[in-house]
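Worksheet: the structure to be examined is printed underneath.
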Amino acid sequence: MRVARGTFLTLLCWVVLALLPPVLGDWNASLLAQYVIYGIFALSLGLLWGTAGILCFGQAIFFGMGAYSMAVVTLGKLPALGSSQWAGFALALVLPAVAAALIGWLLFRGRALAGAQLGIVTLCAAVVAETAARRWDFIGGFNGLFGVPSLAFPFESDALSGIGTAYATLGAALAAYLVGLAITRSPLGTVLAAIRNDENRTIHLGYNVRNHKIFVFTVSGGIAGLAGALFALQFGFVSPSLVGFALSTEVLIWVAVGGRAVLMAAFLGALLVRSAETVMSATLADYWLLVLGILFAATVVLAPQGLLASVLRLPPARRLRRRSRPTSTDTAALAPRAAEEASAGAS
Amino acid sequence: MATAIALSIDMLSFTLTLLLVTLGLVVIFGMMNVINMAHGEFFLIGAYAVVAVTRAGGSFWLGLVLAPCLLALIGFAVEWLVIRHIYRRFIDTILATWGLSLALKQGVILLFGPGSQSMLNPIPGTVEVLGVSYPAYRLFIMGMGLALALGTYWLFFRTALGLQARGVIANRAMAASLGINTRRMDWATFATGAALAGFAGAVMSPIMSVDPQMGMGFLVPSFLAVLVGGVNSLVGAALGSGVIGGTTTMLSARLDQADAQIVVFLLAIMVIRFFPQGLTGDRR
């Protein structure tokens, strides 16, 4: 059986990631765990932006909410939920998902916001969330919360070693990836792609566009919350900047550089940019941000699909393949390939 | 009564200040449909240009003249290097200009350091207005905001050049076949917007702490002002600045500043949600 290049490379990436932690050693494995956490966060935005074409400038709201949920629960500030990490994970999945559903309902009900309005409104929401987190003393106010215990899995006994953390984080990433993959490759995902390519046409085909968008927004919020919870455990602290505007735009950079239309590319984009940052900030010091900004602008202009999307693109789902060779116009509405012009020309 | 007058002048002051900062955005976003996330950095560079000129021994007023010229050059370079490739990719303008804003801000930090610079007030003293004494320089800023808003309106809606610029934006092919050099109009409009942002930064430098983060503080309120008022019109921008500036000042009198900001932003989100075309709609 012939395996498509994208499928092969995606599998290869996961195999390499699975083999890496023991090779890297304890210290570097926990560094890898950090990157993978950012990768999960990027995955959540990739699902939202790449699949459904919803450009959210406030994705960190959900990430930060997950991080704060985990911190608040494990520090015993919510006695009703106990202080186990399981309860923390549960709250970190549910609370951001519910918040995303509410925000999604507000954004997409009636005449949905899109384009500039959507971007600025979500950006503004992130600023509001950050300011609110600074002002709310229950969650530590300006300083945030410290002393969050590290990841202990599965029985909450001892904290995991760096390698163990890396495997637990990779497991979470794989789970999030499979959820995202299941959505994008299901008929539901095809509708989402149709919304991204031509929202009006999808409405006129009889789909409930609003509910589809709210659904993907909710799932994406939950995945971002999971990443946030892992972040809180990994770093041991949470602070208002996790909810804010800066992190929201940083994740946009990762996803845009990796490639928004392919989940694996978005995920690896975060790993790529973050590890480049670690390597380069040592040599470039203060020039790193300057270089990153220019590289990012150059990527957007020269490679709008991202650097990794074309090699990691999976073949279309089986039900979308044709026996005879499809003509390009036939597949335009279905194949993700048509995303190029559509996502760029949208709004 | 005196507090009421003081509050009204404060509201008017913040409104006109915000309008001054927003003008550059109105030209670039409203006219060219390019979301310029680097607007805050254009503003920032304007302020730092004045700092650099005064440090080199020049007067503040020289800096005020040179800053928009510098920004027009930067705007031209940015348009030529980046923006002209992505006019048809609306979302990508947000991303590319965001990358630029990171780079420009870091460039300023490398040149001037991360600390804040302070400027001497070029017009010290106060002026008696309706029985309230008010800082003279703030009145100067208000006057500048008003004058530039009217000037921009005149340029784009009352001159042949402005008509051509708007023609290019409305229908590029038609404008080109009428013999307008559309490429020149593009960069000229973008450079004008950048120069306006730089001028705003230069004018504001004496009353703000000039630090690398000062652009961010104005970016969100000015975007909100444009969207609340209505994207395509200067009248809308004035109205939006009034709504955002006025409510912020009014609430700041009662609430903590951070709380006031939260309330204003949430209000603005609601307005944009229910009036996506802005309060002025499609009218000009």
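Every chain is numbered from 1, with letters handed out A, B, ... down the list of sequences.
Counting only heavy atoms from C-beta outward, the side chains of B:Leu102 and A:Ile253 approach each other to under 4.5 Å. In this structure the side chain of A:Phe57 reaches within 4.5 angstrom of the side chain of B:Met37, judged on heavy atoms.
Residues of residues 119-130 of chain A lying within less than 4.5 angstrom of chain B, judged on heavy atoms, are A:Ile120, A:Val121, A:Leu123, A:Cys124, A:Ala125, A:Val127, A:Val128 in numerical order.
Of the atoms belonging to B:Ile94, it is side-chain heavy atoms, and not backbone ones, that fall under 4.5 Å from chain A. Both the backbone and the side chain of B:Leu95 come within contact range of chain A, with heavy atoms under 4.5 Å apart. For a residue to count as touching a neighbouring chain, one of its non-hydrogen atoms must lie under 4.5 Å from one of that chain's; by this rule B:Ile272 touches chain A with backbone and side chain alike. For chain B, the nearby parts of A:Arg109 are the backbone and the side chain; heavy atoms of each come within less than 4.5 Å.
Distance check: B:Lys105 NZ to A:Leu289 CG gives 8.5 Å after rounding to the nearest 0.5 Å. Within the model, atoms CG of B:Asp256 and CZ of A:Arg135 stand 3.5 Å from one another, a figure rounded to the nearest 0.5 Å. B:Leu227 CG to A:Gln117 CD: the interatomic distance, rounded to the nearest 0.5 Å, is 5.5 Å.
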>> What verdict does the side chain to side chain contact (heavy atoms under 4.5 Å, CB included) test give for A:Val301 and B:Leu81, after you've listed the backbone C-alpha separation in whole Å, the side-chain angles of each residue and the deciding distance to 0.1 Å?
In response: CA-CA 9 Å; A:Val301 173; B:Leu81 284 172; over 6 Å; no
>> Is there a side chain to side chain contact (heavy atoms under 4.5 Å, CB included) between B:Gln106 and A:Tyr287? Walk through the geometry before answering.
In response: CA-CA 7 Å; B:Gln106 196 61 28; A:Tyr287 288 90; over 6 Å; no
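Of all heavy-atom pairs between B:Asp92 and A:Pro304, the closest is OD2-CB, 3.8 Å. Closest heavy-atom contact between B:Ala258 and A:Thr131: CB-CG2, 3.8 Å.
Atom CZ of B:Phe112 has more than 12 heavy atoms from other residues, nucleotides or ligands within 6.0 Å. More than 12 heavy atoms of other shown residues, nucleotides or ligands fall within 6.0 angstrom of atom CZ in B:Arg84. Counted within 6.0 Å of CH2 on B:Trp80, heavy atoms from surrounding residues, nucleotides or ligands total 12 or fewer; the atom is thus considered open.
A donor-acceptor pair under 3.5 Å is formed between the side chain of B:Arg273 and the backbone N or O of A:Leu106.
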